[in-house]
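First comes the structure, then the notes that go with it.
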Protein chains: 2
Amino acid sequence: MYKDLKQFVSQFADLGQAEWEAVMPLIETRELRKNDYFVREGEVARYISFTQSGYLRVFYNHDGDEITRDISPLHTFVTALPSFVSQTPSYEIIQAITDCELFVIYHDNLEFLYDSYSNWQRVGRRVMEEMFVQTQSRIYAFITQPAEVRYKEMMKQFPDIFQHVPLQYIASYLGITSQSLSRLRRSVQFDG
Amino acid sequence: MYKDLKQFVSQFADLGQAEWEAVMPLIETRELRKNDYFVREGEVARYISFTQSGYLRVFYNHDGDEITRDISPLHTFVTALPSFVSQTPSYEIIQAITDCELFVIYHDNLEFLYDSYSNWQRVGRRVMEEMFVQTQSRIYAFITQPAEVRYKEMMKQFPDIFQHVPLQYIASYLGITSQSLSRLRRSVQFDG
DNA sequence: GACTTTTTTTAACATTTGGTAAAAAATGAA
DNA sequence: TTCATTTTTTACCAAATGTTAAAAAAAGTC
């Protein structure tokens, strides 16, 4: 149980028995069906989730379009962070793209955990550091690479996502329209 | 002394006398002249800095071009984070755009501080959370707004930067060439 | 299976931004 | 100041991506 979660967290800190026993009772399992919402617009993101199976999409509405901020790879933490950290209504929406099994922890329980176990606070800090660095690379990609290269990189890094996630979501994650993605896929198909 | 630093940090946690007395001996003052390097390419970022005065630029080389990742607003933390967190050689370069007065803390001292004072660990986590959220808004801007809007927003948010920072750096921060920025500034000048 | 709805693709044209080159302006150094 | 260097601007053309509209394909529903 929690094998993937333990493995993920152990990248960031060596947690002892005590730390794991403290977190266990705070974790709840939550199952979502495809298209179910994890966070709705205007709702406070009360928990953070670790994706045990399935795919979540974090997006927001902009002039009638949905902009995908993130498509959660398996076995990572996901939440509407601006809402979660400040416990204010969320503009980000989180929805299940496929059936999902999630491990969730409530905000207040996580804060309690952070304050009680310095090592968990450390995990929180390290996770955020890594997320920040990853996000910076994404900006780097936006500035230095055309959409076609960003698309190919995504295919390399997350090949399995394309079997589960509608192309329009991938397009908006790449920062282009689905028409542009379609055109781009055709040209990739022909000249490699 | 450390008035701005204290104010900045107090956004994230209420620190007591003990926490401040612990950090004081770890802080060093460092002065940079315009164009001095804070972190060179290939060098490990051994410290994080709080900008007391002046402007730093974080950038990296890409195909002979310099891509600006960040222009530090006053009174924030700056470091080459990918290098700093892993203590590996940095691809990011940090250079003083103007004369600067910095407060710096060595990586190992910061880790010591984090491990000794749960509240400092909390500050570290909260700072990273905020930086992540800010970076997300930047991606949002790249996806939803054309360069002209991003430029206007930057003028609104950091009006004083334009008096100190060469336009070419601002251009690459906005993700465009300096020629495009120049063209864009002209059209803004005419039709508001 | 037949029908409806959603997603993806295609096409033509418009807009934004990049690339190259060179001039103009600003800055720095002797 | 004068000269050299760097930065900013201008112009023209090319490339990438958006917009609009519609067709084709796929998925969902009864």
Q: Would you confirm whether B/T135, through its side chain, and A/F132, through its main-chain N or O, come within 3.5 Å as a donor-acceptor pair?
A: no
**Q.** Partner residues of A/E66 under the side-chain hydrogen bond (donor to acceptor under 3.5 Å, both in side chains) criterion, sequence neighbours left out
**A.** A/R57
(Q) Measure CD1/A/I176 against C1'/D/dT17 and give the value in whole Å, please. (A) 8 Å
Q | Contact residues, residues 156-173 of chain A to DNA chain C [heavy atom, < 4.0 Å] | A | A/P166, A/L167, A/Q168
Q: Respond yes when some side-chain nitrogen or oxygen of B/K34 is under 4.0 Å from OP1 or OP2 of C/dT27, and no when none is.
A: no
Q: Answer yes or no: are there more than 12 heavy-atom neighbours, outside B/Q7 itself, under 6.0 Å from its atom CD?
A: no
Q) CD1 of B/I67 versus C1' of C/dG18: gap in Å, rounded? A) 13 Å
Q: Give a yes or no on whether A/F112 atom CZ has more than 12 heavy-atom contacts from other residues, nucleotides or ligands under 6.0 Å away.
A: no
Q) Rounded to the Å, how far apart are B/R33 CZ and C/dG28 P? A) 14 Å
**Q.** Side chain of A/T177 (C-beta onward), nearest among C/dT10, D/dT19, D/dG28
**A.** D/dT19
(Q) Taking A/V44's backbone N and O only, do any of them form a donor-acceptor pair with A/S83's side chain (distance below 3.5 Å, no angle check)? (A) no
Q | Nearest-angstrom distance from the residue atom CG of B/L184 to C1' of C/dT15 | A | 14 Å
Q) B/I143 CD1 to C/dT17 C1': how many Å, rounded? A) 17 Å
Q | Donor on one side chain, acceptor on other, B/Y151 and B/R185, under 3.5 Å | A | yes
Q: Could you state the atom-to-atom distance from CD of A/Q145 to P of C/dT17 in whole Å?
A: 19 Å
Q | Short side-chain N/O contact to C/dT17 OP1/OP2 from B/S180, under 4.0 Å | A | no
Q) Roughly how many Å is it from CD in A/Q179 to P in C/dT10, rounded to a whole number? A) 12 Å
Q.
Once you apply a heavy-atom cut-off of 4.0 Å, does B/R185 come out as touching a base, just sugar-phosphate, or nothing?
A. sugar-phosphate
Q) Taking CZ from B/F142 and C1' from C/dT16, how many angstroms apart are they, rounded to a whole number? A) 15 Å
Q) D/dT17, C/dT17, D/dT10: which one has an atom nearest the side-chain heavy atoms of B/S182? A) D/dT10
Q.
For the residue pair A/E21 / A/Q17, report whether a side-chain donor-acceptor contact shorter than 3.5 Å exists.
A. yes
Q. B/R186 side chain N/O closer than 4.0 Å to the phosphate oxygens (OP1, OP2) of D/dT10?
A. yes
**Q.** Selection from D/dT17, D/dT10, C/dT10 that lies nearest to any side-chain heavy atom of A/P146
**A.** D/dT17
Q. Which sits closer to the 5' end of DNA chain D, B/R183 or A/R150, going by the nucleotide each is nearest to?
A. B/R183
